[in-house]
Asks: 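There's a structure below that I have some questions on.
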Amino acid sequence: MNNDDPFDLDDLTPADHGTRAPAAPMQTTSGAPLANAQSEPDYLNGLNAPQRDAVLATEGPVLVLAGAGTGKTRVLTTRLGHLLATGRAAPWNILAVTFTNKAAKEMQERVMKVIGRPVEGMWIGTFHSICVRILRRHAELVGLSSNFTILDTDDQIRLLKQLIKAENIDEKRWPPRQLAGIIDRWKNKAQAPDQIPQGEGYAFANGMGGELYQQYQDRLKILNACDFGDLMMHVIKLFQHNPDILKQYHAQFRYIMVDEYQDTNTAQYMWLRLLAQGNKNICCVGDDDQSIYGWRGAEVGNILRFNKDYEGATIIRLEQNYRSTGHILAAASALISANEDRLGKTLWTDSGDGTPVTVKGVWDAPEEARDICTEIENLQSKSHSLEEIAVLVRAGFQMRELEERLIQIGLPYRVIGGPRFYERAEIRDAMSYLKVIAQPDNDLAFERIINVPKRGLGDTTVQKIHTLARAHGISMTRAARQITGLTTDDKTYKLTPRARTTLTRLMDDFDRWRGLSHSYSHTELAEMVLDESGYTEMWQADKSVDAPGRLENLKELVSGMSEFENLAGFLDHVSLVMENDSNTSDEKVTLMTMHGAKGLEFDTVFLPGWEEGVFPSQRSLDETGLKGLEEERRLAYVGLTRAKKNAHIYFAGSRQVFGQWQTSMPSRFIEELPEDHITVQSAQGLYGNTRNSGSSWGRDTSYESDSTWSGDKDWTAPEQNPSKYGPGWKRRESYDNYRPVRDRGIGSSITSSPLTPSLGRKKKKTTAAVSEFAVGERVFHDKFGYGVVEDVEGNKLLVAFEKAGTKRVMDQFITKG
DNA sequence: GGGAGATCGGTTTTT
DNA sequence: CCGATCTCCC
């Protein structure tokens with residue numbers, strides 16, 4: 001921690017603030033003897049001693065250090081159930097905070113299971129959703145009105161862009177995106193514009209950073225809007241300035257529980273401190289070894305410091321792991337022990353050693369992908385469920401190679417991550433229409449759709465409306481209404497007759513829709529609006545490949561709305577819940593980042609790309625040095641501990657980065673794995689095999705120097721792996737009807753065609769007889785016109801179009817020409 | 001206002 | 001090398 005005391009909670013922070021006394025000894029409660037088994041409630045059955053302690057330690061501050069796979073969620077939910085079942089708390093006396101909506105939902109559901117009946121009234125939610133709930137009640141006290149809107153990142157950036165432009169600052173040199181990042185960082189630390197340090201971000205646009213931040217906040221106030229950071233900050237401010245209100249919440253929230261405490265940022269920490277001052281019944285659950293979000297403001301320090309912040313805290317360690325086998329656990333434990341900044345836990349299991357972690361060196365990324373896929377096919381042939389297999393990468397760019405191979409051999413897979421439902425352009429457009437109806441002064445929403453679909457209201461018109469709005473201090477919708485009625489000849493405001501008619505009609509439409517919103521349900525209204533505004537039509541007319549998918553998404557949006565009582569409720573939900581429940585449950589391999597995998601588990605996990613620069617990521621090292629390295633190592637730990645039975649680590653000798661071949665060294669994390677728990681399989685002639693005669697592989701520190709790795713002479717050509725096109729190939733025919741789906745949640749209707757495999761290696765211009773298209777064949781594409789097939793790769797074709805040039809296209813959009 | 005070439009940048013992600 | 005975004009020109 002660089003900041004010794006960033007948490008000036010002013011006079012509301014009583015005794016515990018400034019307690020810099022030596023840390024209270026970390027006490028690990030031992031399994032306290034309990035009342036006889038008969039009188040014991042069912043929900044305690046099957047808990048191990050520390051788990052039980054954590055459930056029963058209801059009073060005072062408690063930190064539950066829950067290692068990976070130690071039953072954290074079970075403890076959390078059982079504890080909640082226990083509080084309710086024993087009458088210690090009514091549902092509304094409980095505040096349970098999570099980071100994601102998914103976690104909140106799961107918690108809610110599992111508490112019901114614990115106590116066997118539905119529970120209503122608990123305050124279970126994300127930090128942000130709980131803030132919204134509180135803020136809606138007291139909005140006036142922080143200068144908002146209770147129907148404030150919540151901006152997402154896009155809105156935020158558009159607003160900042162306007163401000164930067166208005167200041168005549170070069171957008172190129174000082175991108176709005178960067179400023180958004182800086183402001184977020186300030187907000188993560190709960191620093192208002194008048195509290196920001198002079199250094200770092202302040203320097204944005206030569207010292208304009210602070211000024212722009214202030215302007216941004218001013219604009220938000222006028223817009224009656226908050227960004228995500230504000231939600232936390234406003235509540236903190238509310239509590240700090242209104243002790244009476246804080247007291248009400250103290251009285252209400254008799255028990256506070258926090259999930260993933262290691263991920264809290266400074267603002268969230270302060271927020272919790274304020275709320276926990278009341279009765280000190282705060283129970284934080286987390287794992288310092290799984291803190292992987294430092295880059296977005298999380299402070300591992302919060303969890304490391306818990307017993308200093310909350311005097312007399314009980315610390316309970318959950319160390320019995322129920323997920324992974326012994327070898328995997330030992331490997332992960334050894335790895336993480338290389339970190340300095342940790343409280344320290346020793347995970348153990350009684351489920352046997354299992355199979356050692358494998359570490360495999362391959363020549364390059366394509367081989368890595370081939371090998372992984374071959375292994376997956378082998379597993380599949382032994383009836384290992386694909387649902388229980390995951391490939392976890394450090395960064396998105398590693399996915400392409402894997403995806404290509406998966407498509408090529410027809411293994412069904414799903415990518416987790418990618419653009420989410422509510423972030424898609426069409427959804428945001430549709431939402432903007434609804435927002436303008438429900439929140440007439442929502443300028444950002446209005447600006448987004450004023451000319452979508454194109455209706456001839458371009459920049460000039462918008463600019464005029466803008467100017468009028470500014471001049472009169474009114475919102476843009478109001479200004480738009482006014483401007484159409486102006487009879488002036490003033491060039492600043494005078495619209496072309498055409499624009500005037502169109503704008504009048506648009507404003508009339510909005511008035512009409514607003515009127516109808518009383519007599520129609522919000523779903524009906526949405527349908528009507530999308531239809532009558534010409535928005536649906538716009539996509540129907542669009543010939544591009546993803547237009548049908550977008551229309552599909554719009555339908556999905558409308559049907560999703562029906563779950564909500566009214567439009568306002570729905571809009572709130574969407575601002576906070578940028579998630580989507582994908583319900584495709586076909587057997588698929590999961591492909592995602594290690595970050596995305598936190599909290600999940602799979603029988604078999606593949607971990608490609610363990611190379612210096614990739615993992616640990618060079619950038620992380622450059623930017624945050626040792627701290628960054630330790631976070632990367634925690635990420636490695638997270639990755640490994642996702643595996644229940646098998647973990648396979650890979651590194652490649654060279655890899656294409658931005659189109660350039662680069663040689664790479666195995667990750668230092670590989671060296672840190674204990675020999676006794678790993679099996680090394682390195683290709684003949686590849687590093688390690690030749691150097692260390694296979695014995696002390698991974699112990700040789702010499703490959704920390706470049707020369708060893710890149711300068712190697714006896715690299716023979718990679719052995720042609722006969723199984724490369726093996727099992728998948730044999731199975732080919734039965735897969736002909738299979739459609740691989742790149743599954744990115746609701747409405748990702750980007751479904752590729754029946755598989756058209758290519759024979760032989762990539763780039764080789766041979767085509768299997770089974771392929772629908774052959775190299776050299778003349779084809780037609782709806783958008784690009786006529787062309788000639790140059791290469792076939794699975795269902796992707798490389799086509800040289802006569803007009804459009806050479807492009808990669810999915811064969812489903814191609815017809816024989 | 002829209003399409004086409006140039007230009008730039010390129011971890012990780014939730015709310 | 002690929003894609004997203006921007007600029008320029010019609």
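Residue numbers begin at 1 in each chain, while the letters A, B, ... track the order of the sequences.
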Asks: If we take the P atom in both B:dT11 and C:dA4, what is their distance in whole Å?
Replies: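 Per the computed distance, 14 Å lies between those P atoms.
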Asks: Name every donor-acceptor pair, under 3.5 Å, that has one atom in a side chain of residues 159-181 of chain A and the other anywhere in the protein, sequence neighbours excluded.
Replies:
from	atom 1	to	atom 2	distance (Å)
A:Gln162	NE2	A:Glu447	OE1	3.2
A:Glu167	OE2	A:Gln215	NE2	2.7
A:Asp170	OD1	A:Lys172	N	3.0

Asks: At under 4.0 Å between heavy atoms, what does A:Leu151 touch on the DNA or RNA strands: base, sugar-phosphate, or nothing?
Replies: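 No contact.
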Asks: Does a side-chain N or O of A:Asn101 approach OP1 or OP2 of B:dT14 to a distance below 4.0 Å, or not?
Replies: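 Answer is no, no contact under 4.0 Å.
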Asks: So what does A:Glu632 hit on the nucleic acid, given a heavy-atom distance under 4.0 Å: a base, only sugar-phosphate, or nothing?
Replies: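 If one applies the 4.0 Å heavy-atom cut-off, A:Glu632 turns out to touch a base.
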Asks: All N/O contacts under 3.5 Å from nucleotides 4-10 of chain C to the protein, with atom names and distances to one decimal?
Replies:
from	atom 1	to	atom 2	distance (Å)
C:dT7	OP1	A:Lys172	NZ	3.4

Asks: Considering only atom P, compute the distance from C:dG3 to B:dT12 and round it to an integer number of Å.
Replies: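 About 15 Å, rounded to a whole number of Å.
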Asks: So with a 6.0 Å cut-off around CZ of A:Arg498, is the heavy-atom count from everything else above 12?
Replies: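 Open: at most 12 neighbouring heavy atoms sit under 6.0 Å from CZ of A:Arg498.
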Asks: Categorize A:Thr593 for me: base, sugar-phosphate, or nothing, with a 4.0 angstrom heavy-atom threshold over every strand shown.
Replies: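 Since only primed, P, OP1 and OP2 atoms lie under 4.0 Å of A:Thr593, the category is sugar-phosphate.
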Asks: When you measure from the side chain of A:Arg296, which nucleotide among B:dG1, B:dT13, B:dT11 comes out closest?
Replies: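 Nearest nucleotide to the side chain: B:dT13.
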Asks: Please name all residues satisfying ring pair (Phe, Tyr, Trp, His ring centres under 6.0 Å) with A:Tyr216, sequence neighbours left out, ordered by chain then number.
Replies: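 Checked A:Tyr216 against ring pair (Phe, Tyr, Trp, His ring centres under 6.0 Å); zero matches.
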Asks: Looking at the side chain of A:Ser620, which of B:dT11, C:dC2, B:dT12 is the nearest nucleotide?
Replies: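 Nearest nucleotide to the side chain: B:dT11.
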Asks: Among B:dG1, B:dT15, B:dT11, find the nucleotide with the atom closest to the side chain of A:His128.
Replies: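 Closest of the options to the side chain of A:His128: B:dT15.
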